[in-house]
Amino acid sequence: MPQIIDGKEISAQIKEELKEKVMAMKKEGISVCLAVIQVGDDPASSVYVGNKKKACAYIGIASLSYELPEETTQEELLALIDKLNKQKDVDGILVQLPVPKHIDEDAVIRAIAPEKDVDGFHPQSVGALCIGQRGFVSCTPAGIIQLLKRSGIEIAGKECVVIGRSNIVGKPMALLLLRENGTVTVAHSRTKDLKEVTKRADILVAAVGKPKMITREYIKEGAVVIDVGIHRNENNKLCGDVDYDDVAPVCSAITPVPGGVGPMTIAMLMNNCVESAALKR
Ligand code: GUN
């Protein structure tokens, strides 16, 4: 049976490390503060935002919470971001996405000062990652690199295939694997002979958005399989983009859903907040 990559355990480890770091920083008079903005009351967003605030409290990061009504105008939201950009005690600003349709998401992302862009979504953060300069990295792909490293999986020289090209996961994932000296292919919905491409992968990252689409026909024997998807199946049970029961017997390591990639995203967000506060001084 494959090695099960335990994201719950690894994220807990990272949170413990951060908790100690924050305690040490407090002794030197450095505090950490994240501003969390939610516009509207989408139930899924409320759960995510609640989890982020809980993680802050656990680690010792202060959080400022802004729950704005659905009718908030773009101008009002941008004015709040501008105020938080200037506020010296705020280390990170997070606007939970999606924002309501009448607000331009790109304008919101661009409005956040890059030094407080703990989501790593600002064009400057993405550009910095692309050319190997310092900047915040999108949390889910950064978490996947931690999962691989902390599970003793070597990336350098490996054939890495990422399925998906989103700005939040696929593209930064490819750049991070490249930074770790992987040989990287990005596949997507228009890729011809997807199975041919994914069967080359020593490390396969599936961010397709289709429940259980990746079966063993897509996998090279002994590959490492990272599942970014999260869906509810017909029985209301959580599942990923990978058909776990079908794929697990043929791979060398695999992330479960839930308990794989998911918990890493918040851990890396917390890491970015702590780094932002540390860098400021
Ligand atoms: N919505 C879904 N995932 C994310 C995320 O990582 N950050 C933000 N800001 N919004 C999201």
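Every number for a ligand or one of its atoms is a count from 1 in the order of the listing. The figures that follow rest on heavy atoms only: side chains count, while hydrogens, waters and symmetry mates do not.
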**OP:** Spell out, yes or no, whether M173 and V242 are grouped together once hydrophobic residues are joined by side-chain heavy atoms under 4.5 Å, including indirect joins.
**Re:** no
Original post:
Taking only residues at least two apart or on different chains, which pairs with a member in residues 258-272 satisfy side chain to side chain donor-acceptor pair (under 3.5 Å)?
Top reply: T140-T265
Subject >> Pairwise distance CG(L64) to CD1(I37) - rounded to 0.5 angstrom >> reply: 9.5 Å
Subject >> K26 side, atom NZ; S31 side, atom OG - distance, nearest 0.5 Å >> reply: 7.5 Å
Listing, residues 202-210 side-chain donor-acceptor contacts under 3.5 Å, not counting sequence neighbours, or none:
residue: D202; atom: OD1; partner: K220; partner atom: NZ; Å: 2.7
residue: D202; atom: OD2; partner: E159; partner atom: N; Å: 2.8

Subject >> Sub-4.0 Å heavy-atom environment of ligand 1, residues by chain >> reply: K52, L94, V95, Q96, L97, D119, F121
With a 3.5 Å cut-off and sequence neighbours excluded, list the donor-acceptor pairs that the side chains of residues 67-75 form with protein atoms.
residue: E67; atom: OE2; partner: K53; partner atom: NZ; Å: 3.1
residue: E67; atom: OE2; partner: S65; partner atom: OG; Å: 3.4
residue: T72; atom: OG1; partner: P69; partner atom: O; Å: 2.5
residue: T73; atom: OG1; partner: E76; partner atom: N; Å: 3.1
residue: T73; atom: OG1; partner: E76; partner atom: OE1; Å: 3.3
residue: Q74; atom: OE1; partner: D104; partner atom: N; Å: 2.9

